[in-house]
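The structure appears right after this line, and notes come after that.
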Amino acid sequence: MTSVTDETRTLALVLYPGATALDLIGPLQVLAALDQFGLGFRTVVVAEHTSPMATDTPAGLTASHTFAEVPEPHLVLVPGGVAGTYRAMADPVLLDYLRVAARTARFVTSVCTGSLVLAAAGLLEGRRATTHWTQRDLLAKFGATPVAERWVDDGQIITAAGVSAGIDLALHLVERLAGAKIARQVQLFVEYDPQPPHGPLDWSAVDIPSYRPMVAGWIGEALADHPELRDRLLA
């Protein structure tokens, strides 16, 4: 395995056990298209190690590089999940990597509950941010301002809502990195033209508070070995 050199603007997507596969793969497919334009971008997947990791689907994933090989990415993206993400919030190796990367990265980004990992690293305090709709209120526990939008651009920090919003986020990032013309071309290449069979979601009909007991159960189970973080999230 070769290290990424300082001459390349590296776009690093983070992998950790239990991450939601589409949170990672959707943006990866979009951002990796930049590698083909000769603009000096290189897209990688980083993790603590390069052994296969389980996701929240039957398919496992493997990182292309370790954290140590990509210490200063131009962009870092954290996918979300459920139990795996809560545990990632208590992973000192991952949190330290994000804190160090954020010092020099142009963009620090997340998909779905990946923003909770950024929050646990102390990177969202005083920032506007979003996450999956069932857990948006949790962001306030880390000093962030929760926003009910598809993606939220707060300068260096850009966060996306649940799962499929990661593709929207990635196209927005391509525009920030390489301009609207290339972003539209990438959108065409991946044929991103959503037409869901049941139409758009009716958010006015969603009773968000009714889902909070379910989320509390997930948190309690996943963080049984991390009572301080569990209690903070459940307070």
Side-chain angles (χ1 to χ4, degrees), residues 2 4-16 19-47 55-57 59 61-65 69-70 72-81 98 101-102 104-115 117-118 128-132 147-197 199-201:
T2 59
V4 177
T5 71
D6 293 338
E7 299 174 356
T8 305
R9 287 179 290 178
T10 306
L11 313 179
L13 287 76
V14 172
L15 176 63
Y16 56 83
T20 292
L22 186 57
D23 283 7
L24 178 66
I25 296 299
L28 177 62
Q29 193 71 53
V30 172
L31 292 172
L34 274 176
D35 298 8
Q36 309 304 314
F37 284 90
L39 299 175
F41 291 105
R42 181 178 184 180
T43 305
V44 301
V45 177
V46 296
T55 68
D56 65 352
T57 73
L61 294 172
T62 303
S64 60
H65 294 76
E69 291 174 309
V70 191
E72 296 183 344
H74 188 69
L75 176 151
V76 62
L77 182 149
V78 183
L98 294 174
T104 56
R106 180 179 179 189
F107 296 117
V108 177
T109 72
S110 65
V111 179
C112 196
T113 52
S115 59
V117 182
L118 296 182
R128 297 170 67 252
T130 192
T131 190
H132 192 274
V147 180
E149 294 178 4
R150 185 74 168 167
W151 76 87
V152 176
D153 188 326
D154 192 346
Q156 181 197 27
I157 305 292
I158 309 178
T159 55
V163 192
S164 64
I167 297 176
D168 298 56
L169 168 73
L171 288 168
H172 176 66
L173 291 172
V174 171
E175 180 176 2
R176 292 291 305 272
L177 292 164
K181 181 178 180 179
I182 288 180
R184 286 192 293 269
Q185 192 167 359
V186 172
Q187 181 176 350
L188 175 63
F189 285 163
V190 300
E191 201 170 337
Y192 185 57
D193 186 20
Q195 300 176 44
L201 297 173

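Positions are given from 1, in the same order as the sequence printed here.
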Less than 3.5 Å apart, which donor and acceptor atoms pair up between the side chains of residues 175-190 and the rest of the protein, not counting sequence neighbours?
residue	atom	partner	partner atom	Å
Arg176	NH1	Asp153	OD1	3.3
Arg176	NH1	Asp153	OD2	2.6
Gln187	NE2	Tyr192	O	3.1

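- Counted by atom type alone, Thr57 and Thr55 present one or more donor-acceptor pairs between their side chains at under 3.5 Å.
- Panel note: side chain Thr113, backbone Gly81; a donor-acceptor pair is recorded below 3.5 Å.
- At least one side-chain heavy atom of Val78 sits less than 4.5 Å from a side-chain heavy atom of Tyr16.
- When all heavy atoms are compared, the tightest approach of Thr43 to Ala32 is OG1-CA, 3.5 Å.
- Within the 4.5 Å cutoff, side-chain heavy atoms of Phe41 are placed close to those of Leu11.
- Listed by chain and number, the residues in a ring pair (Phe, Tyr, Trp, His ring centres under 6.0 Å) with His172 are Trp151 (sequence neighbours excluded).
- To the nearest 0.5 Å, atoms CG (Leu22) and SG (Cys112) are separated by 10.0 Å.
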Check your understanding: For Val111 and Leu169, what are the C-alpha separation, side-chain angles and deciding distance, and is it a side chain to side chain contact (heavy atoms under 4.5 Å, CB included)?
Key -> CA-CA 8 Å; Val111 179; Leu169 168 73; 3.8 Å; yes
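- Looking only at side-chain heavy atoms (C-beta outward), Leu61 and Val45 stay at 4.5 Å or farther from each other.
- Scanning all heavy atoms of the two residues, the minimum distance from Val70 to Ala12 falls at CG1-CB, 4.3 Å.
- For the atom pair OG1 (Thr109) and CD1 (Ile158), the distance works out to 7.0 Å, reported to the nearest 0.5 Å.
- Checking Ser115 against Thr131 by side-chain atom types alone, a donor-acceptor pair falls below 3.5 Å.
- Contact of the Val30 side chain with the Pro27 side chain is not registered, since no non-hydrogen atoms from C-beta on lie closer than 4.5 Å.
- With values rounded to the nearest 0.5 angstrom, Leu28 atom CG is found 9.5 Å from Leu77 atom CG.
- Remark: Gln156 CD to Thr104 OG1 distance equals 9.0 Å, nearest 0.5 Å.
- A salt bridge links Asp168 with Arg150: at least one charged nitrogen is closer than 4.0 Å to a carboxylate oxygen.
- Residues Leu75 and Leu173 are in side-chain contact: their nearest non-hydrogen atoms beyond the backbone lie under 4.5 Å apart.
- Counting only distance, with no hydrogens or angles, the side chain of Thr130 and the backbone of Val147 share a donor-acceptor pair below 3.5 Å.
- For the pair Leu24/Leu15, a side-chain contact is recorded, criterion being any heavy-atom separation below 4.5 Å from C-beta on.
- With contacts defined as side-chain heavy-atom distances shorter than 4.5 Å, the pair Thr20/Pro79 does not qualify.
- In this structure, Leu118 and Leu98 have side chains that are in contact, with non-hydrogen atoms separated by less than 4.5 Å.
- Within the 3.5 Å criterion, the main-chain N or O of Arg128 finds a donor-acceptor partner in the side chain of Asp154.
- Taking CZ from Arg9 and CG from Leu39, the interatomic distance works out to 6.5 Å, rounded to the nearest 0.5 Å.
- Rounded to the nearest 0.5 Å, atoms CG (Asp23) and NE2 (His132) are 9.0 Å apart.
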